[in-house]
4 protein chains.
Amino acid sequence: MQQRSPRRQVSRLPPERRIADIMTAAREIFTEKGYTEHVISEIAERAGVVEGTIYRFFANKNDLLQQVAEAWFQEMMDQSAAHYEAIRGEWNALHFVIFHTLEAIRRDPGLTRLILYELRPEPDHRDTRLYALHYEYTGRLCGIVREGMERGVFRPDADPDLVRDMAFGAIEMRTWSYLHHKSSFEPGPLAREITDMLYTGLLPAAAPAQRDETLRRLEAVTLRLETLAGETQA
Amino acid sequence: MQQRSPRRQVSRLPPERRIADIMTAAREIFTEKGYTEHVISEIAERAGVVEGTIYRFFANKNDLLQQVAEAWFQEMMDQSAAHYEAIRGEWNALHFVIFHTLEAIRRDPGLTRLILYELRPEPDHRDTRLYALHYEYTGRLCGIVREGMERGVFRPDADPDLVRDMAFGAIEMRTWSYLHHKSSFEPGPLAREITDMLYTGLLPAAAPAQRDETLRRLEAVTLRLETLAGETQA
Amino acid sequence: MQQRSPRRQVSRLPPERRIADIMTAAREIFTEKGYTEHVISEIAERAGVVEGTIYRFFANKNDLLQQVAEAWFQEMMDQSAAHYEAIRGEWNALHFVIFHTLEAIRRDPGLTRLILYELRPEPDHRDTRLYALHYEYTGRLCGIVREGMERGVFRPDADPDLVRDMAFGAIEMRTWSYLHHKSSFEPGPLAREITDMLYTGLLPAAAPAQRDETLRRLEAVTLRLETLAGETQA
Amino acid sequence: MQQRSPRRQVSRLPPERRIADIMTAAREIFTEKGYTEHVISEIAERAGVVEGTIYRFFANKNDLLQQVAEAWFQEMMDQSAAHYEAIRGEWNALHFVIFHTLEAIRRDPGLTRLILYELRPEPDHRDTRLYALHYEYTGRLCGIVREGMERGVFRPDADPDLVRDMAFGAIEMRTWSYLHHKSSFEPGPLAREITDMLYTGLLPAAAPAQRDETLRRLEAVTLRLETLAGETQA
DNA sequence: TATGAATGAGAGTTCATTCAT
DNA sequence: GATGAATGAACTCTCATTCAT
């Protein structure tokens, strides 16, 4: 016989709070439970509400899943945005995106699984805000490559989309392994390896351009620092 | 004891034939239907049998899925084995594996979806014959890379597993796009692009090997200085 | 996600009421239907709910059966407890337990069948609350015998467990006959017969002890009554 | 996937032989498998035939079960018939029947389970040859009691049917315990105990027969008085 | 607004029995 | 006579969703 819950306390909370509670509960469940084992009633229980309440705030189960995933993704993008903008240098930029992604996966493999195995397979996934976010996020890599091409650091015939697919494809392969194997997953070395491989593949046959570019920037920085030093002294 | 009903119309086929019918029907359903919408009853109907018959030949639904997938995979491996053995040259070998995979996916996207989204996520997938086959198949790439390294064609510090993950990762990203987008999917150009990218990334540096390494360290220093400069200014 | 159909007509009852309805329905079905012909769908229909509702309150079919049987048993024990405590004399005590059991069976042969033929055969029956109840209930007989032995009314070499098995074994044989034969089943005479047989078998070869004991009690009561009569007069 | 048997050798056997094979296989299965876990296909396989063949010789599954049980029973009766006829003395006769039954159960608990839990519960069990055999077999006890009564060894007011029910009832209770508990089950001591208990209960009172009756009435009066005394006090 | 009892469609699976070969 | 592939009717159980209270 099922556990009958003791008569629950009706508490009227502001909607934002309720929504937050539900999403937190859902996220916890996804993180703990394996594939496809999340059940509305369990999420409700953990959030301290009943099933019906969830349906006041979310159109259906899938909507809840989407929103949880979106929030996670948004969080991840917001976290990295500031630093990402400030990065200089193609290698660093590539590395940062890749490393940051791996780190997020390591922290939240359950959510990753949710997205990879449950949300992405849905037939209308491309019409989803989650898809848009993901597209934007992974698009950063394309941007980096494109910029590198413009600046002559990368081969002019490189294909930014392919680079993105190779990077995130490789990440996914390793993630999948991590999810199943329960093997450890080291963002640091892995990010460096992937970045190196891509970077090397993107460099022009001989790469004097890059060296020059780096030297140029080095000079510029030096100049700025000197100026700064002068100002501070003054 | 069960009640029997009068109607009946049995057509008797040799088991191999029935099994083939069922597997064909299942394969068709997988190809047509979206994610998770394949149902035993539908497969049975299409195969011209009742549900119970399927259970004569397959232990359960999952067993049927596995076998269909295995057969497809085996077919794919057998087809390519002869030619694969005969190939000369790293680029050619890489390209052949990649191209052949893409071709198979283009022909049978439904089965690909089956494997990627339904069979692979299963918790015990690693103990599966399908996994073993897949591992062997993708391992070809590692073999090629390793051989290239031995022959001095590729950088001695390359990581064969990473190359495999990048190649099949990229393939998967495109496949996923193909599955949803219903966009076309051109094995020819795609295979060439992926191969080029990997191949280039694997070649030893034209200039002394440490050039890149030096450059990278220089780059890192620059970055630090730039950051410092930014912070100091602010 | 599931498709919903429009029709619906919900009647909302307090859980206790629903549970009671379901258990009543189940009990009716068990009483009417023969061996193993009770089906969840039928119980649901009779209780005026759909099958799924039953699973809100009972973990599975077996759980429902167990609970119905337990309730019946508990009822039976509660009913008899008060009187049982008050009984004096070995013969009376034996007779009461036996008679009461036969009466309960006569009233509810269907539930008896449920317990004997379906619940008891289960492999883990011994870990069941029903088993514990049954054990306690039939244990009353052992207690009576043991007490009789201590008081010297019964042979010192009697085996209480065997007495229990003979009593309830005989009851079961007759019950079985009743269940199939649809023959009548008269608790009164039967209880007397069984009790006599056991009682006789338990007496010491010659039984002066008992006579003495009874005489002693008779004297004691007489004395008390005399005293009482005196008090009342005063 | 199920094991497909290698193309079986069609061998034409005399019907008696086939029947014997099937019954032997069935008996083995019943002995090994737990409650309700015997499946026609398994019996067929063990007998070296296919399901269909069984239906040539047995009307249905139940018919097979019945015949196996009957054969076992018949065997048991035949085995004991000779000795049973020759026995002298009531105690010896009672003991022999009880002991022999316990021995048979100890040897074949699986078949006992089959009869107790599956065949006997069937609604039309009383119309069965198995029932008739069983009735005849257990009737031996009645005969012994009746004869003892005629010879004046047993009380003239004994009830032979009740003695039978107590004996076989007790046996069944112990059997049930044996089947579940996997506890050992010792026919020797147990038979002696049961026989003693019955025998003692059947002997005429050493003292005049009405002694017990008088005692009992005295006991009842005492009880009434005690109760009265208690109530009056309260 | 929150509740949570009730819904209901359907999924996978089992197995005694039949009958074309 | 023997085969064993095929049947098909049940059965238990799940769970997203609804809506009377």
Side-chain angles (χ1 to χ4, degrees), chain A residues 4-5 7-13 15 18 38-42 44-45 49-57 59-62 64, chain B residues 1-15 17-19 39-42 44 48-57 59-62, chain C residues 1-15 17-19 39-42 44 48-62, chain D residues 4-5 7-15 18 38-42 44-45 49-57 59-62 64:
Chain A
R4 320 281 329 294
S5 58
R7 207 142 269 296
R8 204 173 291 174
Q9 185 69 11
V10 181
S11 69
R12 206 164 273 241
L13 259 55
R18 272 271 183 266
H38 36 68
V39 172
I40 278 281
S41 59
E42 201 172 348
E45 193 183 4
V49 298
V50 297
E51 292 103 309
T53 304
I54 291 181
Y55 285 85
R56 286 209 68 75
F57 300 109
N60 50 35
K61 186 184 174 185
N62 196 55
L64 172 57
Chain B
M1 313 269 148
Q2 283 171 240
Q3 278 309 87
R4 313 271 65 243
S5 75
R7 60 204 155 103
R8 178 69 60 98
Q9 55 153 34
V10 188
S11 84
R12 224 184 152 72
L13 259 54
R17 182 63 201 288
R18 266 287 179 249
I19 291 175
V39 171
I40 279 282
S41 61
E42 202 171 348
V49 298
V50 297
E51 297 173 42
T53 301
I54 291 182
Y55 287 87
R56 271 207 86 68
F57 302 108
N60 50 37
K61 186 185 171 184
N62 196 57
Chain C
M1 314 272 149
Q2 284 170 239
Q3 279 308 90
R4 314 272 65 243
S5 77
R7 60 203 154 105
R8 179 68 61 96
Q9 54 153 37
V10 188
S11 83
R12 225 184 151 76
L13 258 53
R17 182 62 202 287
R18 266 286 179 251
I19 291 175
V39 170
I40 279 282
S41 60
E42 201 171 349
V49 298
V50 298
E51 296 174 41
T53 301
I54 292 181
Y55 287 87
R56 272 206 85 66
F57 302 108
F58 302 91
N60 50 38
K61 186 186 170 182
N62 196 57
Chain D
R4 317 282 329 294
S5 58
R7 206 137 279 287
R8 203 172 295 175
Q9 187 70 12
V10 180
S11 68
R12 206 165 274 240
L13 259 55
R18 272 271 183 263
H38 36 69
V39 173
I40 277 280
S41 59
E42 202 172 348
E45 194 183 3
V49 299
V50 297
E51 292 102 308
T53 303
I54 291 181
Y55 285 84
R56 285 210 70 72
F57 300 110
N60 50 35
K61 186 184 174 185
N62 197 55
L64 172 57

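To find a chain, count down the sequence lines: A is the first, B the second, and so on, and within it residues start at 1.
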Calculate the interatomic distance between [X] atom [atom1] and [N] atom [atom2]; express it in whole Å.
| X | N | atom1 | atom2 | result |
| --- | --- | --- | --- | --- |
| C/F58 | F/dT12 | CZ | C1' | 16 Å |
| D/E45 | E/dC15 | CD | C1' | 15 Å |
| B/I54 | F/dA9 | CD1 | P | 17 Å |
| C/F57 | F/dC13 | CZ | P | 17 Å |
| C/I40 | E/dT7 | CD1 | P | 14 Å |
| C/N60 | F/dT14 | CG | C1' | 13 Å |
| B/I19 | F/dA6 | CD1 | P | 9 Å |
| A/N62 | F/dT17 | CG | C1' | 14 Å |

Legend entry - Whichever of B/T53 and C/G52 has its nearest DNA chain F nucleotide further upstream toward 5':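 That would be B/T53.
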Inset, instruction - Hey, which sits more toward the 5' end of DNA chain F by its nearest nucleotide, C/E51 or B/R18? - result: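 It is B/R18, whose closest nucleotide lies nearer the 5' terminus.
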For [X] against [Y], the heavy-atom pair lying closest together:
| X | Y | result |
| --- | --- | --- |
| D/S41 | D/E51 | CB-OE2, 3.6 Å |
| C/V49 | C/I54 | CG2-CG1, 4.3 Å |
| A/K61 | A/Y55 | N-OH, 4.3 Å |

Of the nucleotides [options], which one has an atom closest to the side chain of [X]?
| X | options | answer |
| --- | --- | --- |
| B/K61 | E/dT7, E/dA16, E/dT13 | E/dT13 |
| B/R56 | F/dA6, F/dT3, E/dT13 | F/dA6 |
| B/Y55 | E/dT3, F/dT12, E/dG12 | E/dG12 |

Legend entry - Check: A/F57 and A/L64 side chains under 4.5 Å, non-hydrogen atoms: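 SC-SC contact between A/L64 and A/F57 ruled out.
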Legend entry - Ranges pairing with ranges for DNA chain F, where each run has three or more Watson-Crick or G-U pairs under 3.5 Å: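 Counting only runs of 3 or more consecutive pairs, the stems involving DNA chain F are E:2-21 with F:2-21.
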Inset, instruction - For C/V50, report the nucleic acid contact type (base, sugar-phosphate, nothing); a contact means any heavy atom under 4.0 Å. - result: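 Answer is base: heavy atoms of C/V50 come under 4.0 Å of a base.
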